[in-house]
Every structure is written in C-alpha cells, then in structure tokens.
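My questions all concern the structure below.
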Amino acid sequence: MSEMNKQWLLKSRPVGEPTPENFELAETPVPEPGEGEFLMKTIYMSLDPYMRGRMDAGKSYSARAELGDVMLGSGVAVVTKSNNSGFKEGDYVMGMTKWQAYSVSDGTGIMKLDPSLAPISTAVGVLGMPSLTAYFGLLDIGQPKEGETVVVAAASGAVGSVVGQIAKIKGCRAVGIAGSKEKCDYVEQELGFDICLNYKDADFADKLKEACPDGIDIYYENVGGMVFETVLPLLNDFARIPLCGRIANYNMTGHPEGPDMLPAFMGQMLVKRMTLRGFIISDHYHKLPEFLREMGGWVSSGQVKYREDIVKGIENAPEAFIGLLKGANFGKLLVQVSEDPTRK
Ligand code: NDP
C-alpha cells in the first residue's frame, strides 16, 4: 500500500482550553505536485501560541481557520519531488507546511535552508519567526539603553529567552519570569539572565520588586494577566512596553472577575509618560536579512543560546499544543514528523 498523508484538521472550535476533541487526524493520499510545483515532506512542525487565536470564530491577529481546514503553521521540510526549476529533490526548506506530513507548493513564501550553516530546526526557532519577534520588539520598540532594566516573562520560551539574551548583549539588566524552578535555573545559569523569578511563588511580587531596585525600563509583554499587574507599579517614567503577546488570556472565555484595572492602568500610563506598542511580526519581515546577519553571528559565537523541546510523532501534535498554552513546553516547541537526515 502506498504511503498516506497525515493531516490534523480543526474539527470544532474550543471553548476555553483546547481539548483533543477539537482536532481530527485525517489520512489522505500524498498529493502529487502539478506543473511548477514541488512536494515537501515535513521534518519539523512548529507549534506556536498564535495558533490558538486561529481556532476561534472571531477575528484574531491571524486569519481564522475554518472547520475542516488543515491546521496552519510553518515547518521545516525536505523536497521529495519537484516540477519547479527553483527547488530540487533533497533541498531543505522552511515555509507554511501546516500540520501535515506532506504538502505541495509553487515556491511562494518558501525559503531554502543551508544545513551546513545551522541546524535546520532553527529556521522556525532561534533563526526564525519567534526570535525575529524578540529582536524587533526589544530593539525597535523597546529601544534598550545600557544600564536599563528589562523584564520579560515566558523567559525560557522561544521569544522570551532571546529577549533577555539580547538585553544582556546591549548592557541591560535582564530579569526573567518563568513558571517553574527548573525553567528559572536554566534562564539564569544557561542563558545568563541576571535573575529569573517563578511567578507561581506566593512572594513573587516582593521578589520582583527586590530584583528591580531601579525599577523597570522595558517590560517586554508576552503573557498579560497577573504578571502584568505585578509589573505595572514597578515601571519607571518613560518605560517602554513592546506588547508582543498575552498568553495568559488566550483561553479566556470572558472578562476576568475582580476589580476593573483599566483606570489604574490608564493612570499609570499617563503619569509615567509610558509607551505601549502592540505589534505583529508579519508586518516587519523586511527586518529578516538584518536579523539573520546579526542573530546568526550571536548564535554561532554562543552569545545567544537556545533550547528546543522536540515532541516526536505527528500524532502527538494536539497534546503538545494544548501543553504549550499551559507551560508544559521547555524551549521552542517542535513536533518531529519524520527523520532529520541532517541531525547526527
Ligand atoms: P513559549 O515558547 O514561550 O511558550 C509559551 C509559554 O508561555 C509557556 O511555556 C509558559 O511558560 C508561558 N505561559 C503559558 N501560560 C501562561 C500564563 N497563564 N501566565 C504566564 N505565562 C504563561 O512561546 P513563544 O515564545 O512562541 O511565544 C511567547 C509569546 O509571544 C506568546 O504570547 C505569543 O503569542 C507571542 N508572540 C507574538 C508574536 C507577534 O507577532 N506579536 C509572534 C510570536 C510570538 P511558563 O511555564 O514560564 O509560564
């Protein structure tokens, strides 16, 4: 029997946290590339928090998926058949391969990878979208200056880990926030942040104040929720807040209970003359060449380190994604769909 394609479809929309029942695994024939097209065999599928927004019916920052669609996402693949002169069999590529084992493309949005320069998996991690997000958000919006204090949560993750390491390169104090002692130890000891605090500790607010004796100049916002509320009183005059993500809210079904924080937030923003700027990295892909030059140098010199959390088997994608929204991942989350011939 010939090999079949495996595809994860959006079966139903989640209410709150996604569950395995929201996804359906379909087996379909491996597609044939038409004229000018080529077939890609997925090696690594990237799982990213933005995918949660696509599962909802409402408008998110990324286009929503329709029921029955293959779940969207980028990945790293190898070309296994080609009718396109720009791509040949054996080429390694990165692009919108979706949650599936095989896909066909005409080359639009597909980037060729050179495995001799960096592990191919990094094209969706430290040399890809999440790291570009860290780079743009911190440098362009945050405008860090030597001696300033930069705070970032989800600090062991794909974006946060890079934010803190760039902050150190720029001579700042880097304060990480993460969800376990193990993650915090890694952030301090391996990534070289000055300190990392567990936001689940009962005395988190006191510890954060102690860790930022000169206040906070840049709060790189990845999570929202109680972490943001704890950070808010510590922000300095003219603080900058690159608003990158708010993962603590992604599974929310309504407004949180408790006091309305909006007036306090507006008051702080005004009195401290702060800047908060939301951004979506797809508006800033023109930065990619500059980013790849600089980040490529930092990664190969060891100034920027990274960690990948590789889940084996496409069957495990929904469970891994559900875990990502609750902090089960430790590093850039990838699903390995097929063998990586470049990895020894
Ligand atoms: P990560 O690799 O950091 O994984 C997500 C992490 O978020 C989890 O491991 C967990 O870490 C943390 N987390 C989950 N729930 C909560 C919570 N309730 N409170 C605090 N932390 C929580 O993901 P990424 O690095 O890929 O993404 C980080 C953020 O950046 C996300 O908000 C994402 O949406 C955003 N993003 C935005 C982009 C843009 O264009 N604006 C582009 C790319 C990413 P822990 O155990 O430490 O809590």
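Every number for a ligand or one of its atoms is a count from 1 in the order of the listing. What's counted below: heavy atoms across the whole structure, side chains too, no hydrogens, waters or symmetry copies.
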One finds that the ligand 1 atoms under 4.0 Å from a non-hydrogen atom of V159 are 24 (P), 25 (O), 27 (O), 30 (O), 44 (C)
Take every heavy atom of M226, measure it against each atom of ligand 1, and state whether any distance is under 4.0 Å. no
Please examine the side chains of K98 and M71, heavy atoms only from C-beta on, and report whether any two atoms are closer than 4.5 Å. no
Would you please determine whether C244 falls within less than 4.0 Å of ligand 1 on a heavy-atom basis? yes
Determine, using heavy atoms of K183 and all atoms of ligand 1, whether some pair is separated by less than 4.0 Å. yes
Could you check R240, K287, R277 and say which one makes a salt bridge (Lys or Arg N to Asp or Glu O under 4.0 Å) with D140? K287
How close do A57 and R13 get, counting heavy atoms only, and between which atoms? N-CD, 3.5 Å
Using a 3.5 Å cut-off on N or O atoms only, is G179 in polar contact with ligand 1? yes
At under 4.0 Å between heavy atoms, which part of K332 makes contact with ligand 1: side chain, backbone, both or neither? neither
Would I280 count as a polar contact of ligand 1, with the cut-off being nitrogen or oxygen pairs under 3.5 Å? no
For F330, state whether at least one heavy atom is located under 4.0 Å from any atom of ligand 1. no
Any N329 heavy atom less than 4.0 Å from ligand 1: yes
Within-4.5 Å side-chain heavy-atom neighbours: E190 and R307: no
Just wondering, are more than 12 heavy atoms of other shown residues or ligands nearer than 6.0 Å to CD in E182? no
For L324, the ligand 1 atoms whose distance to one of its heavy atoms is below 4.0 Å: 4 (O), 5 (C), 8 (C)
Check whether any side-chain heavy atom of M40 sits under 4.5 Å from a side-chain heavy atom of S103, and report yes or no. yes
Ligand-residue contact atoms, ligand 1 with M129, heavy atoms, under 4.0 Å: 42 (C), 43 (C)
